[in-house]
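Here is the structure we will look at, set down as structure tokens.
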Amino acid sequence: MMKRSSVRIAKERLEALVVADRVHCKPKEYDLICHELYKTLSRYVEITEEDFRVSITRSAIHIQLTGEEH
């Protein structure tokens with residue numbers, strides 16, 4: 001597993017704050033939602049947290065899996 005850079009971690013934290021503000025929840029709640037989605041999907045699909053990205057808007061939740069081999 002690759003070590004995540006501090007820039008990437010900071011970017012993800014900033015994105016989480018912006019999204020949490022948009023959907024009117026606390027950043028901790030947003031993180032919990034993302035983690036629960038990851039845990040649920042990882043039961044059925046082989047993924048890592050680094051390859052799992054969630055975007056939440058007021059009207060939709062988008063889940064992106066990266067690093068997939070084709």
Side-chain angles (χ1 to χ4, degrees):
M1 177 171 36
M2 292 179 88
K3 184 177 180 181
R4 296 188 315 166
S5 73
S6 58
V7 172
R8 182 173 175 193
I9 292 169
K11 181 181 175 189
E12 290 173 358
R13 287 180 181 166
L14 180 59
E15 287 175 353
L17 286 171
V18 170
V19 169
D21 184 57
R22 287 183 188 158
V23 295
H24 304 292
C25 71
K26 296 177 183 171
K28 181 76 172 167
E29 293 168 342
Y30 170 77
D31 288 341
L32 288 171
I33 291 168
C34 292
H35 186 70
E36 286 297 320
L37 288 168
Y38 166 74
K39 282 185 4 183
T40 301
L41 287 175
S42 68
R43 290 182 199 158
Y44 306 99
V45 179
E46 189 174 320
I47 56 174
T48 64
E49 286 193 69
E50 290 80 23
D51 296 337
F52 183 77
R53 303 212 6 105
V54 176
S55 285
I56 301 174
T57 64
R58 288 184 183 158
S59 60
I61 296 175
H62 301 275
I63 299 172
Q64 178 183 10
L65 302 176
T66 61
E68 300 159 331
E69 293 183 26
H70 295 269

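- Between H35 and E49, some side-chain heavy-atom pair lies under the 4.5 Å cut-off.
- Interatomic distance, CG of L32 versus NZ of K39, reported as 9.5 Å (0.5 Å rounding).
- Note: I63 CD1 to Y38 OH = 13.0 Å, rounded to the nearest 0.5 Å.
- When side chains are defined from C-beta on, F52 counts as touching L37, because their heavy atoms get closer than 4.5 Å.
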Test log, rule side-chain contact (heavy atoms from CB on, under 4.5 Å), inputs T66 and D51: CA-CA 5 Å; T66 61; D51 296 337; 3.9 Å; yes

